[in-house]
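Only one structure is covered here, and it is reproduced in the block below.
Counting begins at 1 with the first residue of the sequence.
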Amino acid sequence: MELFVSEGNPHCLKVLAALEVTGVQCGVQFVNHEGKVVPFLPRPAVPTLFLPSGQHLFSSNTICRYLFELNGPESSDQCNQWLEWEATILQPALLRALHLAVLQGKGSEVPKVLQGPLNVLDQSLVKGSMAYLTGEAVSVADVVLWGALHPVLSVSSLELSDHKSAKAWFDRVAAVRGCQSAAQKVLQGKGLEAMKSYMQKQPAPQSRDTQPCNSSPAENDEGERTVSEEEMEAAALTWSKDLNACSYPAEKQHPVMPQEGNRNVLITSALPYVNNVPHLGNIIGCVLSADVFSRYGQLRGWNVLFVCGTDEYGTATENKAREEGLTPQQICDKYHAVHSSIYKWFQIDFDFFGRTTTEKQTEIAQDIFWRLHKNGFLVEDTVEQLRCENCQRFLADRFVEGMCPHCSYPEARGDQCDKCGRLINAVELREPQCKVCRQTPEIRSSKHLFLDLPKLETQLENWLERSTSSGDWTANAKQITRSWLRDGLKPRCITRDLQWGTPVPHPDFKEKVFYVWFDAPIGYLSITANYTNEWEKWWKNPHQVELYNFMAKDNVPFHSVVFPCSLLGAQDNYTLVSHLIATEYLNYEDTKFSKSRGVGVFGDMAKDTGIPSDVWRFYLLYVRPEGQDSAFSWADMALKNNSELLNNLGNFINRGGMFVTKFFGGCVPAMELQQEDKKLLAVVGWELQQYIQLMDKVKIRDALKHILNISRHGNQYIQVNEPWKKIKGGESERQRAGTVTGVSVNIACLLSVMLLPYMPAVSQTIRDQLNAPQTCINTMLQGPGTFVCALRAGHRIGTVSPLFQKLEADQIEALKKRFGGQQITASTQPAAVPAPPVVAEMKVVDGSDPEKAKQLAEAVAEQGDKVRALKSQKAEKAIITAEVSKLLDLKKQLALAEGKSPEPAPQKGKKK
């Protein structure tokens, strides 16, 4: 290997530090900044790492990660998130800071520019209570961030007194062997002066970044943007143009079919499992994000079809039916209606919301199966499974628990141990138990069919290379997919010994159904087929259709590896995913959502809070977990409603409309633009362009920042010009008041269009109040953004009224308490029946309570998950011990509620 670096290049500092810290053997050559070491690139690329295979790596973060993984473990998800944050958030801020300090001599302004990123870094270190970013040992994330920050933080004039945790971390990394020597080689002891030659060849940064500097998308205004004369005149020229003649269709014409010459966008949201009432995290991760993008696509003039539906087959449905004394079909009918009602209240505008328990599902799934079989991509094998004779069924992995064969952890699941992280075959568990009845299952052999993923691996990798390079895949989607491919794919079972599922048509497997992971994604196709008989024009049309999949990150492998392999193996010209959009997780306050414990807001509860669905939509999108996990917070929701919606956005829109009504008889006054007005039009136009660029890339949370920025600009514009005073002055002052008022209501009209994907009801209300022409909708978002004067002089507006209401502290406190839940513990339960003396077998005792047993079983599962999570996170021993005690106590209560002794029976020997 050979590493090419240059002096004064901060990116080279990172890779040299990584090389020194890892101790990897590699040659190093220093070259000029303009050295063209990669012959096929049109521009210089330093640093560059030449690999023995002849390939080149020329992304500094990729090089660093490669060096760390060469002799060490694969980078963790947390580590990769920090690397993405460094590249997308920290680097733009650093470029501005270095430009100010190195080229303009304005080192005193650097702390202000870096305030946001340093706040994020400092708060993460405080919250994590770890020596380094991802644990107690230095990772690639530490070296990359330290190397990026070293040139500015090593300058004595930049104090870190307000970021003590970041300062302590920075000093710890600096003390790691190799870091300081790398800095010496790149900066030659000259500090920022060494970077002057490099910085002179870098493009001047924009004064405002398109990405937020901290974790909040609409906070930390970065100061006034410089606007040129040319930009002002261009904005004024655009303003004077007419609205598009064609109007936005009030309703779609169904069925929506691909159109020649148009951009045809097929959007799917991960199918929610039918018997789970979706919580806020489920809603933002899938259906709400997809809905926003679908609405936005229509504003852009794309031909969009948005489909979703309930995933209804599988073990969980059978269990739910057993619990409620219904048939599986009755359970599906009941909960499909619940889902439909929830999504309707949240204004999720599906073109079709279907389900997987249909004849079309059977027809299409079986057709794909036979094609895979015919093409030689299915293999047979005998599988040893655990069967519970008491429940009279084979046990799915989630319904088995026992002792890990690798580390002896007593609560390992049937698929993975949460303590050591090793994957497990359920039959390998020691002392297994059925989680439903707690009896010991027996090992039985069963013949199954497998999808031969290794045989499809080359096809898959070729397709992935094209799709990930040309499409918009989120960073976590790429990382998770790479991790599956890194160790090579293995055959994956596609059949199950169940009754409730799509039947396998092969005569040798007629008693089996398709495994849900194979069957469920085919639901996208069958749901579309139930929408239109011409479904193949969408799903067998890869050259004309772009497919967007929306999901949470846990669903990525099934959409990026497994389902594409099924379609590739079928060899029937299927449309494969072009853009895979995966969110991280949304938590509730400082814990997880839990239906059994009453913790968190679930979809069927939100409408009972009295808070409009548009406000729910706004806040969920404001905290959308795009780059890392985020959390729903009642206090923060109230803050954002009261500050961003009420005081910022609502205040601006209401003021403009009220001025028209009060001062100008309800008609938009004449407008004579001055330089100040043209400057505002240019700034608003720039924010609109940023919004479009981000939304095109499905950066939904980041784009929201620019809507709120526009209303902030508008409020400032009104405040400075004071039209309520000028209207009382002479002719020129009255004219000025008219211009400010007219420009303001036109900005409000633009905001109504930009808000439509996020808050459709509020958007409509604004347009109704302004009596805005329908054509404004399909004009503003065309091309890179077109801010035209939609409300001309003389236009009569409607009745203006406030858009939002304040969320009061007592109201929020009551809601927080209502949805805070209560953990079922000994202190909250009535006195239990005294436990009998310990005996060899479980004995039935008086005091059984089936309803309480059901609640306690769910609580035991929740607490078990909590204990496993704490152990995997290596939490303090005292905390783990306390939570284990709670778990044991809950298990005793469960035994009593089931009418049994709280002491388990001794484990019977396994059959040989």
Side-chain angles (χ1 to χ4, degrees), residues 1-31 33 37 45-51 57-73 75-76 78-80 82-87 90-91 93-95 97-98 114 117-118 121 125 130-155 158 160 166-195 198-199:
M1 289 193 300
E2 195 76 15
L3 179 63
F4 290 84
V5 293
S6 61
E7 292 179 5
N9 183 333
H11 299 291
C12 293
L13 196 162
K14 292 191 289 186
V15 298
L16 270 183
L19 186 65
E20 297 269 4
V21 171
T22 58
V24 171
Q25 296 300 308
C26 175
V28 178
Q29 286 192 41
F30 278 82
V31 297
H33 294 309
V37 295
V46 180
T48 295
L49 180 65
F50 279 17
L51 301 181
L57 297 180
F58 38 81
S59 158
S60 58
N61 287 7
T62 301
I63 294 171
C64 291
R65 189 166 60 189
Y66 177 84
L67 294 171
F68 266 81
E69 293 181 358
L70 202 58
N71 297 320
S75 299
S76 65
Q78 188 181 9
C79 203
N80 288 329
W82 275 116
L83 294 181
E84 182 187 5
W85 180 83
E86 190 272 346
L90 179 60
Q91 278 299 329
L94 278 171
L95 183 60
L98 290 170
L114 294 181
L118 288 177
L121 179 62
L125 288 163
M130 296 180 292
Y132 298 100
L133 293 175
T134 61
E136 297 305 318
V138 172
S139 70
V140 61
D142 294 291
V143 172
V144 166
L145 265 70
W146 179 87
L149 288 166
H150 179 273
V152 288
L153 294 192
S154 58
V155 177
L158 180 58
L160 274 177
K167 177 69 165 65
W169 163 83
F170 182 79
D171 292 342
R172 272 194 296 272
V173 181
V176 173
R177 178 189 60 82
C179 286
Q180 290 292 359
S181 63
Q184 176 63 30
K185 290 174 182 176
V186 173
L187 301 180
Q188 296 291 302
K190 300 175 184 176
L192 294 176
E193 186 63 28
M195 302 175 63
Y198 169 79
M199 289 301 301

Show the nearest heavy-atom pair for residues Tyr198 and Pro10, with the distance to one decimal. CE2-CD, 3.4 Å
Roughly how far apart are Leu145 CG and Trp82 CH2, rounded to 0.5 Å? 6.5 Å
Mutual orientation of the aromatic rings belonging to His150 and Trp146 [parallel < 30°, tilted 30-60°, perpendicular > 60°]: tilted
Less than 4.5 Å apart, side chain to side chain, heavy atoms only: is that true for Leu125 and Leu133? yes
Could you tell me whether the side chain of Met195 reaches within less than 4.5 Å of the side chain of Leu13, counting heavy atoms only? no
Indicate yes or no: at least one non-hydrogen side-chain atom of Glu2 is less than 4.5 angstrom from one of Thr48. no
Side chains of Val186 and Val5, heavy atoms from C-beta outward: is any pair under 4.5 Å? no
Check the angle between the aromatic planes of Phe50 and Phe4 and answer parallel, tilted or perpendicular using the 30° and 60° thresholds. tilted
Would you please name every residue forming a side chain to side chain contact (heavy atoms under 4.5 Å, CB included) with Ala148, sequence neighbours left out? Lys14, Glu86, Leu90, Gln91, Leu94
Indicate yes or no: at least one non-hydrogen side-chain atom of Leu49 is less than 4.5 angstrom from one of Val15. no
Between Lys185 and Glu20, does at least one N-O distance fall below 4.0 Å, as a salt bridge requires? yes
Student check: side-chain heavy atoms of Asn61 and Val140 closer than 4.5 Å: no
Within-4.5 Å side-chain heavy-atom neighbours: Val143 and Thr22: no
More than 12 heavy atoms of other residues, nucleotides or ligands under 6.0 Å from CD of Gln25: yes or no? no
